[in-house]
2 protein chains.
Amino acid sequence: MSASAEKVDVFQAIADPTRREVLRLLAEKELPISAITSHFPISRTAVVKHLHILADADLVTGHKVGREKIYRLHPGPLTEVKQWLSFYEQFWNNKLSMLKHLVETDGDTALTVVQSEPDQKRK
Amino acid sequence: MSASAEKVDVFQAIADPTRREVLRLLAEKELPISAITSHFPISRTAVVKHLHILADADLVTGHKVGREKIYRLHPGPLTEVKQWLSFYEQFWNNKLSMLKHLVETDGDTALTVVQSEPDQKRK
DNA sequence: ATGATATAACACCATTTGGTTTTATGTAAA
DNA sequence: TTTACATAAAACCAAATGGTGTTATATCAT
C-alpha cells in the first residue's frame, strides 16, 4: 500500500480538478502512470505528484507490475465526504432546515431567523 | 478573492477545514462576521477572506444589517458535490465495482457523469 | 458631537501548490 | 549486452493560499 503515511485530507485531495479527473479515469479501469498522463496536457512528473497526493489520501493504490506502476481507485475514503454532505442535505431537502436540526439537537433554543425567502428589497 | 463573482469551485471552497467549520456554524444560525471570528483563533481579516471565498462559491450569502454584515448558509451548490459523489457510490456499495459499471452503463444507473472524455477505443 | 464598534480595503509575508526540467534507476526486448 | 521504455528522485520556479497588521469608513450609543 501507500507507505508514506502523509495522511492527506480527502477534501483537499478532491479539490483539484485534475485529481478528480484522475479518479474518474481510474473508475473505469486501473491504469499505469503513462496511460494516465496521456489524458492530460501536463507532464508525467506533475501527474505523479497528483497520484502521490491521492495515494496519501488513500483514494488510490499503486502496485508495481514489471516496470509499470499500476494505479487503482480506492473509493473508501469518499464516505467521509458523503457523511459530511449528509449533514447539509437536510438543509436543501426540507425547507424547515435549520429549525429541524436545532429542535432535534438542542431543545428549544433561540431560533434566530432561519434560511427563508430573500424578501429583502434593496435599491 | 475579489468582491465580484469570481466563481470559486465548490470543491475548492470546502477543501479548507476552517471554511467547513464556518459552514457548520452558519448551519445553526446566521451570524455576523465578528461572531464567526470569535469561534476561531485566527484574525478577523482571515475569516473575512474565507467568507469571501465561500461567497464566491455561492455557499454563503451576506447582507448588511446596520453596521453588521450577516452571513447565512446557502447549501445549494453542495448538490454538485453530491452528484459527483453519487458516481462513486456504486464502487463502494458493491465490490464488483468497475466491472459492473462498465457492463451496465446503459441500465437504470443514471450516472450523471459530469464531464465527457475524449473517448479512446478500448477492445 | 464624541467615542466605541463592525466592517472594508490595503499592503505585506511565509508556505504550499502545481508545474517544469534534469538526472538516475530498474526492467523488457532486440 | 545493448537499447529503449517506465518510473523515481531532485532541484527549481511562479502563482496561489492562508495568514498578518494598518488604516479608513460607516453606524450605534452616549
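Just so we're clear, the structure is a prediction, and the values are computed from it rather than from any experiment. Chain identifiers are assigned alphabetically (A, B, ...) following the order of the sequence lines, protein sequences preceding nucleic acid strands; residue numbering begins at 1 within each chain.
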Take the protein atom OH of B:Y71 and the nucleotide atom P of C:dT7, then report the distance between them rounded to whole Å. 9 Å

For the pair made of NE2 in B:H52 and P in C:dA8, what is the distance, rounded to whole Å? 6 Å

Counting C-beta onward and ignoring hydrogens, is there a side-chain heavy-atom pair between B:K69 and B:H63 closer than 4.5 Å? no

On the side chain of B:R67, is there an atom forming a donor-acceptor pair with the base of C:dT5 - under 3.5 Å, no angle test? yes

Starting the side chain at C-beta, find the nucleotide from C:dT20, D:dA6, C:dA6 nearest to B:S34. C:dA6

Does D:dT17 have OP1 or OP2 under 4.0 Å away from a side-chain N or O of B:Q12? yes

Any side-chain to backbone donor/acceptor pair from B:Y88 onto A:R24? Under 3.5 Å, distance only. yes

Whole Å only: how far is the CG atom of A:L51 from the C1' atom of D:dA9? 16 Å

Ring geometry between A:F91 and A:F87 (parallel below 30°, tilted from 30 to 60°, perpendicular above 60°): perpendicular

Please answer whether the main-chain N or O of A:R19 pairs with a side-chain N or O of A:H50 as donor and acceptor at a distance below 3.5 Å. no

A:K69 vs D:dA8: side-chain N/O to OP1/OP2 distance below 4.0 Å: yes

At less than 4.0 Å, is any side-chain N or O atom of B:T45 found next to OP1 or OP2 of C:dA8? Yes or no. no

Per nearest nucleotide of DNA chain C, the residue lying toward the 5' end, A:V65 or A:A15, is A:A15

Given C:dG18, is OP1 or OP2 found less than 4.0 Å from the side-chain N or O atoms of A:R19? yes

Once you round it to whole Å, what is the distance between P of C:dG18 and CG of A:L54? 11 Å

Whole Å only: how far is the CD1 atom of A:I33 from the C1' atom of D:dA9? 12 Å

Hey, which of these two, A:T18 or B:E68, hits DNA chain C nearer its 5' end, going by closest nucleotide? B:E68

To the nearest angstrom, the NE2-C1' distance between B:H63 and C:dA6 comes to 15 Å

DNA chain D: 5'-proximal contact among B:S43 and A:R44 (nearest heavy atom): A:R44

Picking from D:dG18, C:dG18, D:dT20, which would you name as closest to the side chain of B:I42? D:dT20

Rounding to an integer number of Å, can you tell me how far A:D16 CG sits from C:dT17 P? 11 Å

State which of C:dG18, C:dT7, D:dT20 makes the closest approach to the side chain of B:K64. C:dT7

Nearest whole angstrom, please: distance from the P of C:dG18 to the CZ of A:R20. 11 Å

Quick one: which of A:K64, A:K29, A:E30 gives a side-chain contact (heavy atoms from CB on, under 4.5 Å) with A:I70? A:E30

